[in-house]
Undergrad: 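Pasting a structure here, questions to come.
Reckoned from all heavy atoms, side chains included, excluding hydrogens, waters and symmetry mates.
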Amino acid sequence: MLLFNKKNSNKEVAKTLKTRRLARNITQAELAELSGVPLPTLCRFEQTGEISLSSFLKLLWVSDGVEPMLQALKENPEKFKTMDELLKQDNTKKRQRARKK
């Protein structure tokens with residue numbers, strides 16, 4: 001069972017992006033310039049995992065990480081444990097929008 005820990009997850013994401021940066025042989029200063037994210041923000045992100053969403057997306061864009069992120073966010077098809085569960089599935093069309101509040 002995977003337990004979600006925000007602090008460790010943030011650091012893991014930062015570590016992954018740093019690894020991508022280093023694999024492409026790009027310095028922090030170069031990535032900051034390419035992405036438009038201030039250098040101190042990038043340094044803080046790589047150390048703590050804390051960053052705004054807009055800055056994170058800019059870094060992803062430069063690191064060719066937007067497509068994998070979008071794929072990860074797409075809804076996974078339902079998974080069934082037994083054949084009976086599969087056969088009992090509701091085949092009605094699901095709503096494509098949020099309900100009014």
Side-chain angles (χ1 to χ4, degrees):
M1 179 178 180
L2 179 64
L3 296 175
F4 179 75
N5 180 319
K6 180 184 173 194
K7 188 174 183 180
N8 289 340
S9 296
N10 290 1
K11 285 185 177 182
E12 192 63 33
V13 169
K15 181 180 174 185
T16 301
L17 267 148
K18 180 178 180 179
T19 300
R20 290 181 92 148
R21 174 179 66 77
L22 293 173
R24 295 177 73 189
N25 199 27
I26 298 174
T27 66
Q28 286 180 326
E30 290 170 332
L31 180 56
E33 185 177 333
L34 289 169
S35 65
V37 174
L39 181 58
T41 300
L42 175 58
C43 293
R44 186 180 72 243
F45 171 61
E46 288 190 354
Q47 291 174 356
T48 67
E50 297 295 322
I51 195 166
S52 71
L53 178 60
S54 61
S55 293
F56 177 67
L57 292 174
K58 289 175 184 177
L59 294 173
L60 274 182
W61 187 261
V62 172
S63 303
D64 296 326
V66 174
E67 279 302 315
M69 175 70 94
L70 291 175
Q71 287 297 86
L73 292 173
K74 288 186 179 178
E75 186 176 335
N76 291 331
E78 293 183 38
K79 295 182 180 176
F80 304 99
K81 295 179 183 174
T82 66
M83 192 61 140
D84 288 336
E85 288 179 10
L86 174 64
L87 295 173
K88 289 179 185 176
Q89 85 177 22
D90 183 9
N91 287 330
T92 59
K93 189 172 182 176
K94 306 240 189 263
R95 287 179 60 98
Q96 295 291 315
R97 57 190 168 150
R99 295 189 184 273
K100 292 183 181 179
K101 294 182 181 179

Undergrad: Using the test salt bridge (Lys or Arg N to Asp or Glu O under 4.0 Å), find all partners of Arg20 that sit at least two apart in sequence or belong to another chain.
TA: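 Scan of Arg20 (salt bridge (Lys or Arg N to Asp or Glu O under 4.0 Å), adjacent residues dropped) gives none.
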Undergrad: Output every pair passing side chain to side chain donor-acceptor pair (under 3.5 Å) with a member in residues 31-41, not counting sequence neighbours, ordered by first then second residue.
TA: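 Qualifying pairs: none.
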Undergrad: Show the nearest heavy-atom pair for residues Gly49 and Ala14, with the distance to one decimal.
TA: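 Heavy atoms of Gly49 and Ala14 come nearest at CA-CB, 3.9 Å.
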Undergrad: Under a single-linkage definition using a 4.5 Å side-chain heavy-atom cutoff for Ile, Leu, Val, Met, Phe, Trp and Tyr, are Leu22 and Leu59 assigned to the same hydrophobic cluster?
TA: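 Looking at the clustering, Leu59 is in a separate group from Leu22.
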Undergrad: Starting at CG of Leu34, measure out to CZ of Arg24 and round the result to the nearest 0.5 Å.
TA: 8.0 Å
Undergrad: Restricting to pairs with a member in residues 55-69, which pass side chain to side chain donor-acceptor pair (under 3.5 Å), not counting sequence neighbours?
TA: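 Sorted result for residues 55-69: Ser52-Ser55.
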Undergrad: State which residue, out of Lys18, Lys15, Arg21, fulfils the side-chain hydrogen bond (donor to acceptor under 3.5 Å, both in side chains) condition with Glu46.
TA: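 When Lys18, Lys15, Arg21 are each tested with Glu46, the side-chain hydrogen bond (donor to acceptor under 3.5 Å, both in side chains) holds only for Arg21.
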Undergrad: Rounded to the nearest 0.5 Å, how far apart are CD of Gln47 and NZ of Lys11?
TA: 10.0 Å
Undergrad: Considering non-hydrogen atoms only, spot the tightest contact between Arg44 and Glu50 and give its length.
TA: NE-O, 4.0 Å
Undergrad: Test Leu60 against Leu17 for side-chain contact (heavy atoms from CB on, under 4.5 Å), laying out the working first.
TA: CA-CA 8 Å; Leu60 274 182; Leu17 267 148; 4.3 Å; yes
Undergrad: Measure the shortest side-chain to side-chain distance between Phe45 and Val37 over non-hydrogen atoms and say whether it is less than 4.5 angstrom.
TA: no
Undergrad: Should Val13 and Thr16 be marked as a side-chain contact (heavy atoms from CB on, under 4.5 Å) after you check the CA-CA gap, both sets of side-chain angles, and the distance that decides it?
TA: CA-CA 5 Å; Val13 169; Thr16 301; 5.7 Å; no
Undergrad: Honestly curious: do Val66 and Leu42 fall in one hydrophobic cluster under the side-chain, below-4.5 Å linking rule?
TA: yes
Undergrad: Ignoring hydrogens, what is the shortest heavy-atom contact between Ala32 and Pro38? Give both atom names and the distance.
TA: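 Reported closest heavy-atom pair: CB-C, 4.3 Å.
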